[in-house]
Each structure stands twice: as C-alpha cells, then as structure tokens.
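A note on names: the letters A, B, ... follow the listed sequences, proteins ahead of strands, and every chain is numbered from 1.
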2 protein chains.
Amino acid sequence: MSQLTLYGFLLCPYVQRVRFALEKIGVKYDYKEIDLFKLKQKEQAYLDINPFGKVPTIVINNQIVYESLPLLEFLENEFGSVFPQDNIRKTQQRIWTTYFDQNFISKMWGIFSLIKTKDVEGSKKLANELAEILRFFTLNSKLSERIKQNPSSYFEGDTLTYADFAIIPHVKVLETNYKIFFKSSLFEQIENQDELIQNFKTYYQNVVSSDSFKRAVTNPVTLPPQGDNFVLDELQYTTENFNYENLSETYMNKKFAQA
Amino acid sequence: MSQLTLYGFLLCPYVQRVRFALEKIGVKYDYKEIDLFKLKQKEQAYLDINPFGKVPTIVINNQIVYESLPLLEFLENEFGSVFPQDNIRKTQQRIWTTYFDQNFISKMWGIFSLIKTKDVEGSKKLANELAEILRFFTLNSKLSERIKQNPSSYFEGDTLTYADFAIIPHVKVLETNYKIFFKSSLFEQIENQDELIQNFKTYYQNVVSSDSFKRAVTNPVTLPPQGDNFVLDELQYTTENFNYENLSETYMNKKFAQA
C-alpha cells in the first residue's frame, strides 16, 4: 500500500479538488497544512518540494507531484475511479473542466476586489456575467439534459467524477463569499432565472450535499494541528464545531486587513 | 479501424500539437482545413461541430471531441504511445506542459503587437523575459540534466511524447516570427547564453528536426485542396514546394493589413 501525503491549505479550492477526489475514491492519506496566510508556501523548505510555491502537492513513496488537474489525472492512473470509463466521456469532462478554468475561475478572482469594497452593484454585474458562462457550460456540456432526466445527477450521473472534483470547489468559494459579504446567494443575484441556471444550481447542490464533498471541504475529516493554520487556531475549531463559512469570513477579513 | 478526421488550420500551433501526435503514433487521419483567415471557425456549420468556434476538432466514428490538450489525452487513451508509461513521468509531463501554457504562451501573444510595429527593442525585452521562463522550465523539469546526459534527447528521452507535442509548436511559431520580422533568432536575442538556454535550444532543435514534426508542421504530408486556405491558394504551394516561413510571413502580413 502506498504512503500518500497531501500538502494543502484548508480554504484553497485547488487543494479541495484533490482532497474531494481522495475522499470519494477512498484512498487513505495524511494531510499537512501549509499556511498560505503566513506565506509558508514561499519558504525554502516547501519550495524544495514544490518549485512553484503553490498548493496542492502530493508526496507518494518519496516521489513528488503537484498541480491540481495533473494530480487528478495522477490519481486516476494510480487508483482509478476518478473518471468515467468511456474515452469520449473522459474527454468531454476534460473539455468542460478546461472551459470552466479558463472562463469562470479567471472571472471569479474579480470578486475579491468587489468584496473588499463591498461593491453591491459590481457584484450583481459580475454574477450576471458569470451566469452567461454557466448557461453556455450547462447547455453545451449537455449537463442540463442529464439533470432533466435525473434531478439528483452529478456531472456524469450517479457517481462523482473528475468534473465534479474540479469545478464545484471554486463555485462553493464564490457562493460562500457572496453570502458572507453581500448577504445574498450568487444564484439569487442572477437576473433571468431560466432553466439552464436552475439546472446548474440543482447540479451544484447535488455535489455540495455529497458525503465526500463535506468530508473534504465543509466538514473536513482531519484538521491541521495547533500552529499549522493561523486563522483556525484563533477560532479554536475542532472537527466537531468546525464552521466553513465563519472560517472563510475570518480569513478574508484578515487578508484585507493585511493588504 | 476507426475513421478519424482532424479539423484544423495549417498555421495554428494548437492544431499542430494534435497533428504532430497523430504523425508520431502513426494513426491514419483525414485532414480538413477551417480557414481562420476567413473566420470559417465562427460559421454555423462549424459551430455545430465545435461550440467554441476553435480548432482543432476530431470527429471519430461520428463522435466529436476538441481542445488540444484533451485531444492528446484522448489519443493516449484510444491508441496509446502519447505518454511515457510511468505514472510519475506522465504527471511530470502534464505539470510542465501546464507551466508552459500558463507562462510562455500567454507572454508570447505579446509578440504579435511587437511584430506589427517592428518594435526591435521590445522584442529583445520580451525575448529576455521568455528566457527566464525557459530557464525555470529547463532546470526544474530536469530537462537540462537529461539533455546533458543525452544531447539528442527529446523531453523524455529517445521517444517523442506529450510534452514535445504540446510545447514545441508554439516555440516554433514564435521563433519563426522572430526570424521573419526581426531578422534574428529568438534564441540569439537572449542576453545571457547560459547552459540552461543552450540545453533548451538543443532540445528544441531535436524536436523540430524529427520526421513527425516535419510531416505535421514544416513539410505537411497533406495540404488542403484549392479553396480551403486563402493564403495557401495565393502562394500556390504544393507539398513539394511548400515553405512554412513564407506562408507564415504572408499570413501575418495579411492579418495586419486586415486589422
């Protein structure tokens, strides 16, 4: 059995991609926190592991691999169960994950400046720009058809796969920040609540309600020990009283105060 | 045997990635030109195949897949021989291809405005910025070590693989445009010709000298028929008198005249 260690940061959606996959496929792993708030990822000890100074990183049998999407491919190759079997479906998942990365995520970072200034009008405009990306995605990836046929479907059907691991953690981050800072759901701010938006919302809720997503993100199975995450220490959370929204809010406020 | 059609554009490096791989692994394919100069990729007939309105696209047994890196993964799954066997090495190739895409390619598009204005000083500055990316890449991917051990090595060794297909077509485009418009090699414009730059240059030359690269890019095995590529028609090239540099120059000048 391989010895696998994941280096990450609790609130980082790129790390959550990998942790979500590990939870779903049931691989045992050690989890080590690299405190991004303290810029631990840029310290030499970590740069020796990952020259990019980014999380996530996996160390397995003394070998090192990193970058979130390559790591999901690595897990597929090593353990299977990350992708559907069919090659066309696999490729579709990679196409639509690429689309999401290049469009939704890049636009999403704009929100953090809006959050800082609590620009409510700007947040509505951004939500409606993001809605166009979600509509294109939901229509052309045929996700909408699949949700219509089976309202409890994930991206592919009844089983969580690559696209779910790769896409939903970022949507969750954005949705969480909308709720905290604008007291309103990202989805509520979208003006035309057509079927495509409704179906994407259903899809999103299916994934975040899954046991694996909770174990990876909103109710993590293990928390870093005292001293490894500055914000977590302050809030004194344990796996029992952990609150993802509060942690996110405290972290963002500290980041803004720091900037 | 599967019937495979590749939709592309002769000068597009994203298409060349896929064609290069097809030539190397020896899969038979039909090639159909979508004239980007004439914006054929945005016409409804093509959008029905590829909703992004981009090349490349593969149609195989009536199923449709697209996006250059997902297509390389598709070919690996379907035919093999795209990646090395070892999972860690596979992952390394994906990591360094991602790095190249996110850093080198994004910076590279800056050159096209420099070319238009023939900004020689700007081109030197850009070459030296790109050199920093090449140094980081060559050092940390351990490419430099491999070239030192075997000066005729590709990214992985004696066999062309994913990273070569994905990375080199873009370097060739940039190098070609430097030669045409600044009468100087991209590599010559780099100030400090250290070992990392020398080793990258050796690697680059190994790949562009390969038979598969030539068949895919500089001496394509099939050319689009009359009427399918506006610039090619004008130059009246055949597979016998085809000249990649001239075609590139004519295309770029026409693009600038059009803009």
Side-chain angles (χ1 to χ4, degrees), chain A residues 2 14 18 47-54 56-80 83-103 105-106 133 135-142 162-163, chain B residues 2 14 18 47-54 56-80 83-103 105-106 133 135-142 162-163:
Chain A
S2 14
Y14 294 100
V18 178
L47 288 175
D48 289 342
I49 302 177
N50 179 333
F52 298 141
K54 296 193 293 186
T57 297
I58 279 179
V59 179
I60 181 165
N61 304 327
N62 297 318
Q63 295 203 271
I64 302 170
V65 276
Y66 35 83
E67 292 287 289
S68 62
L69 298 183
L71 284 179
L72 293 181
E73 300 278 350
F74 174 81
L75 295 177
E76 165 72 6
N77 233 74
E78 202 72 12
F79 306 105
F83 278 96
Q85 291 289 304
D86 179 70
N87 192 20
I88 295 279
R89 291 305 311 155
K90 268 187 185 145
T91 309
Q92 289 290 339
Q93 294 217 355
R94 293 188 183 105
I95 292 168
W96 290 103
T97 297
T98 303
Y99 175 80
F100 210 85
D101 266 27
Q102 289 176 353
N103 294 277
I105 295 182
S106 66
I133 295 168
R135 284 189 186 101
F136 186 88
F137 172 84
T138 309
L139 177 70
N140 289 292
S141 72
K142 310 264 196 299
Y162 177 81
Chain B
S2 14
Y14 294 101
V18 178
L47 289 174
D48 289 342
I49 301 177
N50 180 332
F52 297 141
K54 296 193 293 186
T57 297
I58 279 179
V59 178
I60 181 166
N61 304 328
N62 299 317
Q63 296 203 271
I64 302 169
V65 276
Y66 35 84
E67 293 288 289
S68 62
L69 299 183
L71 284 180
L72 293 181
E73 300 279 352
F74 175 81
L75 295 177
E76 165 72 6
N77 233 75
E78 201 73 11
F79 307 105
F83 279 95
Q85 291 289 305
D86 179 70
N87 192 20
I88 296 278
R89 290 305 311 154
K90 269 186 186 147
T91 309
Q92 289 290 339
Q93 293 218 355
R94 293 188 183 106
I95 292 168
W96 290 104
T97 298
T98 303
Y99 175 79
F100 210 86
D101 266 28
Q102 288 176 354
N103 294 277
I105 295 184
S106 65
I133 295 169
R135 285 188 186 100
F136 186 89
F137 172 85
T138 308
L139 177 70
N140 289 292
S141 71
K142 310 261 195 301
Y162 176 82

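- For the set Ile88(B), Val65(B), Thr98(B), Asn140(B), the count of heavy-atom pairs under 4.5 angstrom toward chain A peaks at Ile88(B).
- Heavy atoms of Ile64(B) lying under 4.5 Å from chain A belong exclusively to its backbone.
- Annotation: the span from Phe83(B) atom CZ to Asn77(A) atom CG amounts to 9.0 Å, rounded to 0.5 Å.
- Taking CD of Glu67(A) as the reference point, atom CD1 of Ile95(B) lies at 6.5 Å (rounded to 0.5 Å).
- Taking every heavy atom of both residues into account, Phe74(A) and Thr91(B) meet most closely at CD1-OG1, 3.2 Å.
- Checked against a 6.0 Å centroid threshold, the rings of Trp96(A) and Tyr66(B) do not count as neighbours.
- Within the structure, every pair that satisfies the salt bridge (charged side-chain N to carboxylate O under 4.0 Å, His left out) test and touches residues 91-101 of chain B, not counting sequence neighbours, is listed here: Glu73(A)-Arg94(B), Arg17(B)-Asp101(B), Glu73(B)-Arg94(B).
- Of all the listed residues (Leu69(A), Leu71(A), Thr97(A), Asn87(A)), the one sharing the greatest number of non-hydrogen pairs under 4.5 Å with chain B is Asn87(A).
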